[in-house]
Amino acid sequence: MYILQVIINGIMLGSVYALLGLGMSLILGIVKLTNLAHGELIILGAYCSVFLTSRLGINPFATLLITVPLMFIFGYLLQRLLINHAMKRGAEAALLVTFGVSVILKDGMLLLFTADARHISSELGSSSVNAAGMDISLLSIILSIISVGAIILLMVFLNRTYTGRAIRAAADDPRAAELSGINVAKTFSAAMGIAGAAAGIAGFCVSMKWTFYPDSGGHYLLIAFVVAVLGGLGDIRGTLAAGFIFGLIQVIGGANYGMLISYIFLIIMLVTNPKIAHAADDLSAR
Amino acid sequence: MDIGMKKNKGVIKLCVYTAIFLICLLSGFGGVLSNNLMRYLFKIFLYITLGEMWNLMSGFAGMTSLGQQAFIGLAGYSVAVMTTVYKLNFYFGIGVGAVVGVLGAALLAVLLLHIGGMYFSIATWVAAEALGTFFSGWKYVGQGAGMNITISPYPKMSELYILALILCAASLGVTYLLLRSDTGLGLTAMRDDISAAASLGVNIEKNKFIVYLTAAFFTSLAGAVFFINKGTIYPDSGFDISWTISMVFIVIIGGAGTMEGPVIGSVIYVLLYEYLAHFPGWSNIILGLISILVILFMPKGIAGFLRNFRK
């Protein structure tokens, strides 16, 4: 029974981790950019939800209807007005620009929202479902349904819609996509918008599940990166699987050792993965 | 310009730099400078050292590390353990810090150096985070609360100033010599086109190794001296990503891929940071904005701008 409990907890935690990594993976796979501001986007989404709940008294789940479009617009504009231009200066310039954005967002949120710990508390946190002799938190169940739902929605979008296909075409070969009439700059911006929206939902989960601070972004960026690399860059289904594995490691390893294990795990992944060495060559060739 | 004149010009330049160094050194010994001025110069010298090393990696060798704080933390903790636990002379602590830093770098080099491009950046950062997490859980070094660095008698500001000055001069000298050597030529070839350089017989692995270890050596030394001045170290200060943020800022503003860039960048960084202290919370936002603007509109930094201007 204990093992089953561990597995269920791991998978529920893992689905949120997968959502944390979703936007990161999309940008790594499609725009071929390491977005070092992804953690701050997640925290920005978390603050949106907290602000709307505590100041305007909106139901926490309903805040998603406002947070997600806002985060989409923020991501879109970020890419359109800033990162697209930086990418013309090379991969390294773009990386450093996202680094700058992360620093600005982090300290900006510190000024706006102070260094206090934030959290959305709801009655769901204390209620649990009893099944097969196990107590499973209702909140965790709902958050994993939201996470997995968002991931499936994105998968359908990328496979079934015109914009989704355009995004994938631009990822495979930007020049050929441009020739067949796809506006790559706009497509990349849309991809960043989606990544922002995904970060918004992830931020909502963070605010419901954990307490966070303005400088928590680095922590979530690293989780997102582990999941994205483990899942295979840009591979949505892989991201989900990677989230589950990573969640299990955390549940088994505990808070401190879990993090250390995942850092080491990530380095091993980076060292041994030939796809990554190859991707790096592609980048320097561009 | 014929070779004789070029050589003459080089000798003159060397004389000027030596003179500047000696003036700075003697004014440190002579007690001419106020403590406050020495404190500024102390910081500038150490940031020049850090900036030159990050520039050597990123600007010349194309290895953009985001994890240089690993060596600063390792060296800082080495000093803390040597002076506070073993009651040894702090110079010995600095030496141990450099050895630990270089050994750590050699170990990391085996793992990380063949990872290319932006994944190298992330891998170095994750390695530094992992070290920080490890130190937060390590009882011997006081876990998250960290350690005090107790040195008695505590070194005077002038002594630290001279230490920083010598370190800065050595790092500039080593960078200059390294770039003039075959390794340096190989490095720039590597940065511009790694496959072409490899096919022309540049030993990429060896060059990267030399650069990474040299950078780790000087970064550790600077980190050790910094923490002697600070007097206390904990995981979040030793392995803080801000160390790398400052290096990035210094090199980007000053001009990546030039020797003079980090010198200009360090002076601006230290003065700007002191000035921005009047606006609490805004300093990193403004530094970040300036960096982004420079990347977009002045990609070669101030040094590149001045070079164009002279032409």
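Lettering of chains follows the sequences in order, A, B, ..., and the numbering in each one begins at 1. What's counted below: heavy atoms across the whole structure, side chains too, no hydrogens, waters or symmetry copies.
Using a 4.5 Å cut-off between heavy atoms, A:I268 does not touch chain B at all. Neither the backbone nor the side chain of A:L105 comes within contact range of chain B; no heavy atoms are under 4.5 Å apart. For a residue to count as touching a neighbouring chain, one of its non-hydrogen atoms must lie under 4.5 Å from one of that chain's; by this rule B:L66 touches chain A with the side chain only. Proximity to chain A is absent for every atom of B:S283, based on heavy atoms less than 4.5 angstrom apart. Both the backbone and the side chain of A:V101 come within contact range of chain B, with heavy atoms under 4.5 Å apart.
The backbone N or O of A:V271 sits less than 3.5 Å from a side-chain atom of B:H114, completing a donor-acceptor pair. With hydrogens and angles ignored, the 3.5 Å screen pairs no side-chain donor or acceptor of A:R89 with any backbone N or O of B:P299.
In this structure, CG in B:L289 is found 4.0 Å from CD1 in A:I104, a value given to the nearest 0.5 Å. Atom CG of A:L36 is separated from atom CD1 of B:I122 by 5.0 Å, given to the nearest 0.5 angstrom. A:S102 OG to B:I245 CD1: the interatomic distance, rounded to the nearest 0.5 Å, is 6.5 Å. Atom CD1 of B:I285 and atom CG of A:D107 lie 5.5 Å apart (nearest 0.5 Å). Distance CH2/B:W125 to CG/A:L222: 5.0 Å, rounded to 0.5 Å. Taking CD1 from B:I295 and NE2 from A:H85, the interatomic distance works out to 14.5 Å, rounded to the nearest 0.5 Å.
Atom NZ of B:K300 sits in a sparse spot, with 12 or fewer heavy atoms from other residues, nucleotides or ligands closer than 6.0 Å. Annotation for B:F226: atom CZ counts as buried by contact number, over 12 foreign heavy atoms lying within 6.0 Å. The number of heavy-atom neighbours closer than 6.0 Å to CH2 of A:W210, taken from other residues, nucleotides and ligands shown, is above 12. In A:Y213, the OH atom is not crowded: 12 or fewer heavy atoms of neighbouring residues, nucleotides or ligands sit closer than 6.0 Å. Counting heavy-atom neighbours within 6.0 Å of B:Y140 OH, excluding the residue itself, gives a total above 12. Around CZ of A:F113, the count of heavy atoms belonging to other residues, nucleotides or ligands within 6.0 Å exceeds 12.
Nearest heavy atoms, A:L260 versus B:A130: CD1-O, 3.4 Å. Nearest heavy-atom pair, B:A123 versus A:I267, reported as atom, atom and distance to 0.1 Å: O-CD1, 4.3 Å.
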Under the side-chain contact (heavy atoms from CB on, under 4.5 Å) criterion, do A:T34 and B:S121 qualify, and how do the steps go?
-> CA-CA 10 Å; A:T34 305; B:S121 313; over 6 Å; no
Run the side-chain contact (heavy atoms from CB on, under 4.5 Å) check on A:F99 and B:I252 step by step: do they pass?
-> CA-CA 12 Å; A:F99 192 51; B:I252 298 284; over 6 Å; no
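Top candidate by heavy-atom pairs under 4.5 Å with chain A, chosen from B:G281, B:S291, B:A127, B:S242, is B:G281.
When side chains are defined from C-beta on, B:V126 does not count as touching A:V226, because their heavy atoms never get closer than 4.5 Å.
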